[in-house]
**Student:** 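To start, I am sharing the structure in question, which I have written as structure tokens.
The residues of the chain are indexed from 1 along the displayed sequence. Quick caveat: nothing in here was measured; it's all calculated off a predicted structure.
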Amino acid sequence: MKVSILDDYFDTLRTLDCFGKLAGHDVTIWNDHVQDVDALAERLRDTEALVLIRERTQIRTPLLERLPKLKLISQRSVYPHIDIDACTRLGIVVSSGQHADTPSYATAEFTWGLILAAMRAIPQQMAALKAGKWQIGVGHSLHHKTLSIYGYGRIGRIVANYGRAFGMNALVWAREPAMAKARADGYATAASKAAFFEQCDVLSLHMRLVDATRGIVKAEDLARMKPTALLVNTSRAPLIEPNALVHALRAGRPGMAAVDVYEKEPLRDVNDPLLTMDNVVCTPHLGYVSRDEYEIQFTDIFDQILAYAAGTPTNVVNPDVMSRRR
């Protein structure tokens, strides 16, 4: 099959062990990011199987209708960036494993990297040292502080577990079934959403972005946080109301933020407010980006291509397409 892979920024995939699974297929890898429909239609005009790296590129109807040879989209995890109805109508199979029992340890670990970096102002201290200064302030320790986990799923549970190693007191807020799991795991749950935001010293978001969670963190929620509190977001930027985080940081509640995700990615605007604030640590969506995690994810993605080529598609999220396959 003619396989195209989009948004492999550092040309990493061909260096993975699992890339050998595509031997015998005609594979083209694109290392830049393009969202323009005309440019994508030209690049993908002969593509039969399209590999997506998470949600980096939007795959909508105007593009899909210009790809008559496309038979399969193979990716992993959720798919709000793909027009599933259009794929079904056009006979395009979408395979996306949901990995229910395999949390992203890479994201959980990176979350803790951000927590430590922000609480101890590590990036700022490094920059000052390189500028010839010696210590520019005093950071905050974590022991006995409250680690608030918003969303107790695969990653939130791991982040809470890591908190125990730092002697933190975890507090969970989520849907009731998830909070019941948290209580069963020995964690406290908040009495209300308001109390959850008021009590946190470190708040970490761990929810999928769906219609029900878009904008779930409101400006009034952030205003309840302590002026010494830290908000960490390694999930998705739109979980927070547009512009609410910037306004909250300017108002001093919370006092700090560490973010790995943005409304528009890749973020190229060096004047973006989050990038210009001294009390914010920003990273370019690195949470799941590790070689080990890539091996896990792309083994699944490439196996889906092999299964389709063998006539037995797996992890099909639009099963009605099977009667309309091209």
**Student:** As an exercise, state the distance from CG of Asp292 to CG of Leu16, rounded to the nearest 0.5 Å.
**Tutor:** 10.0 Å
**Student:** Of all the heavy-atom pairs spanning Arg250 and Pro273, show the shortest one and how long it is.
**Tutor:** NH2-CB, 3.8 Å
**Student:** So which heavy atom on Leu72 is nearest to which on Ile92, and how close?
**Tutor:** N-CG2, 4.1 Å
**Student:** Considering non-hydrogen atoms only, spot the tightest contact between Asn169 and His144 and give its length.
**Tutor:** ND2-O, 3.2 Å
**Student:** Could you work out, with salt bridge (charged side-chain N to carboxylate O under 4.0 Å, His left out) as the rule, every residue matching Lys145, not counting sequence neighbours?
**Tutor:** none
**Student:** With rounding to the nearest 0.5 Å, note down the distance linking CG in Leu64 to CG in Leu67.
**Tutor:** 6.5 Å
**Student:** Considering only NZ, NE, NH1 and NH2 on the basic side and carboxylate oxygens on the acidic side, decide whether Arg76 and Asp300 come within less than 4.0 Å.
**Tutor:** yes
**Student:** Do the charged groups of Arg253 and Glu198 touch, with an N to O distance under 4.0 Å?
**Tutor:** no
**Student:** If I compare all heavy atoms of Cys87 with all of Ile73, which pair ends up nearest, and what's the gap?
**Tutor:** SG-CD1, 3.9 Å
**Student:** In the structure I gave you, are the side-chain heavy atoms of Thr283 and Phe110 within less than 4.5 Å of one another anywhere?
**Tutor:** yes
**Student:** Please step through side-chain contact (heavy atoms from CB on, under 4.5 Å) for the pair Ile53 and Leu13, ending with a clear verdict.
**Tutor:** CA-CA 10 Å; Ile53 300 181; Leu13 299 191; 4.2 Å; yes
**Student:** What I want to check is whether the side chains of Thr61 and Asp83 have a donor and an acceptor closer together than 3.5 Å.
**Tutor:** yes
**Student:** Restricting to side chain to side chain contact (heavy atoms under 4.5 Å, CB included), what partner residues turn up for Leu275, sequence neighbours left out?
**Tutor:** Leu267, Asp272, Cys282
**Student:** Check the pair Tyr150, Phe197 against side-chain contact (heavy atoms from CB on, under 4.5 Å), reporting the backbone distance first and the verdict last.
**Tutor:** CA-CA 10 Å; Tyr150 198 165; Phe197 278 89; 3.9 Å; yes
**Student:** For residues Lys193 and Trp173, determine if any side-chain heavy atom of one lies less than 4.5 Å from a side-chain heavy atom of the other.
**Tutor:** yes
**Student:** Are Val259 and Tyr288 connected in a single hydrophobic cluster, I mean Ile/Leu/Val/Met/Phe/Trp/Tyr linked by side-chain heavy atoms less than 4.5 Å apart?
**Tutor:** no
**Student:** Do Ser74 and Gln304 have side-chain N/O donor and acceptor atoms under 3.5 Å apart?
**Tutor:** yes
**Student:** Would you check if Lys21 and Asp303 make a side-chain contact, meaning some heavy-atom pair closer than 4.5 Å?
**Tutor:** yes
**Student:** Out of curiosity, Thr57 OG1 to Ile82 CD1, how far, rounded to the nearest 0.5 Å?
**Tutor:** 10.5 Å
**Student:** Give me the one residue out of Thr146, Leu203, Asp201 that meets side-chain contact (heavy atoms from CB on, under 4.5 Å) with Lys226.
**Tutor:** Asp201
**Student:** Would Arg291 and Thr15 count as having a side-chain donor-acceptor pair, cut-off 3.5 Å?
**Tutor:** yes
**Student:** Can you give each donor-acceptor pair under 3.5 Å made by side-chain atoms of residues 174-187, sequence neighbours left out, with the distance rounded to 0.1 Å?
**Tutor:**
from, atom 1, to, atom 2, distance (Å)
Glu176, OE2, Arg183, NH2, 2.3
Arg183, NH1, Thr189, OG1, 2.9
Asp185, OD2, Tyr152, OH, 2.6
Asp185, OD2, Arg157, NE, 3.0
Tyr187, OH, Ala160, O, 3.4
Tyr187, OH, Asn161, N, 3.3
Tyr187, OH, Asn161, OD1, 2.5
Tyr187, OH, Arg164, NE, 3.3
Tyr187, OH, Arg164, NH1, 3.2

**Student:** On a heavy-atom basis, which atom in Phe166 and which in Tyr162 lie closest, and how many Å separate them?
**Tutor:** CD1-O, 3.4 Å
**Student:** Taking side chain as C-beta onward, heavy atoms only, is Leu171 less than 4.5 Å from Ser148?
**Tutor:** yes
**Student:** Quick check: is Val261 connected to Leu209 through a chain of hydrophobic side chains (ILVMFWY, heavy atoms under 4.5 Å apart)?
**Tutor:** no
**Student:** For Met168 and Leu142, which heavy atoms make the closest approach, and how far apart are they?
**Tutor:** CG-O, 3.3 Å
**Student:** When clusters are formed by joining ILVMFWY residues with side-chain heavy atoms under 4.5 Å apart, either directly or through shared neighbours, do Tyr294 and Ile296 land in the same one?
**Tutor:** no
**Student:** Just so I know, are the side chains of Phe19 and Phe302 near enough to count as touching, which here means a heavy-atom distance under 4.5 Å?
**Tutor:** yes
**Student:** If I take atom CE from residue Met1 and atom CG from residue Leu22, how far apart are they, to the nearest 0.5 angstrom?
**Tutor:** 10.5 Å
**Student:** Show me, pair by pair, the donor-acceptor contacts under 3.5 angstrom made by side chains of residues 229-248, not counting sequence neighbours?
**Tutor:**
from, atom 1, to, atom 2, distance (Å)
Asn233, OD1, Ser235, N, 2.9
Asn233, OD1, Arg236, N, 3.4
Asn233, ND2, Arg236, O, 3.0
Thr234, OG1, Thr111, OG1, 2.9
Ser235, OG, Leu205, O, 2.7
Arg236, NE, Glu55, OE1, 3.1
Arg236, NE, Glu55, OE2, 3.4
Arg236, NH2, Glu55, OE2, 2.6
Glu241, OE1, Ala219, N, 3.0

**Student:** Could you go step by step and tell me if Tyr79 and Ile59 meet the side-chain contact (heavy atoms from CB on, under 4.5 Å) rule?
**Tutor:** CA-CA 10 Å; Tyr79 37 87; Ile59 307 297; over 6 Å; no
**Student:** With a 6.0 Å cut-off (strictly less than), is the heavy-atom count around OH of Tyr105, excluding the residue itself, greater than 12?
**Tutor:** no
**Student:** Can you find a heavy atom in the side chain of Val316 that is under 4.5 Å from one in the side chain of Asn318?
**Tutor:** yes
**Student:** Is any side-chain heavy atom of Leu52 closer than 4.5 Å to a side-chain heavy atom of His81?
**Tutor:** yes
**Student:** side-chain contact (heavy atoms from CB on, under 4.5 Å) between His206 and Arg154: does it pass, once the steps are laid out?
**Tutor:** CA-CA 9 Å; His206 296 288; Arg154 290 189 297 265; over 6 Å; no
**Student:** Show me the donor-acceptor pairs, under 3.5 Å and distance only, between side chains in residues 124-141 and residues at least two apart or in other chains.
**Tutor:**
from, atom 1, to, atom 2, distance (Å)
Gln124, NE2, Asp278, O, 2.8
Gln125, OE1, Ile136, N, 3.1
Gln125, NE2, Gly137, O, 3.2

**Student:** Taking the side chain as every heavy atom from C-beta outward, state whether Leu44 and Leu6 have any pair of such atoms under 4.5 Å apart.
**Tutor:** yes
**Student:** Show me the donor-acceptor pairs within less than 3.5 Å that the side chains of residues 27-42 make with the rest of the protein, sequence neighbours left out.
**Tutor:**
from, atom 1, to, atom 2, distance (Å)
Asn31, ND2, Asp8, O, 2.8
Asn31, ND2, Asp11, OD1, 3.4
Asp32, OD1, Arg43, NH1, 2.8
Asp32, OD1, Arg43, NH2, 3.3
Asp32, OD2, Arg43, NH2, 2.7
His33, ND1, Asp7, OD1, 2.8
Gln35, OE1, Gln58, N, 2.9
Gln35, NE2, Gln58, O, 3.1
Asp36, OD2, Asp38, N, 3.2
Asp36, OD2, Ala39, N, 2.9
Asp38, OD1, Arg66, NH1, 2.6
Asp38, OD1, Arg66, NH2, 3.4
Glu42, OE2, Arg45, NH1, 3.1

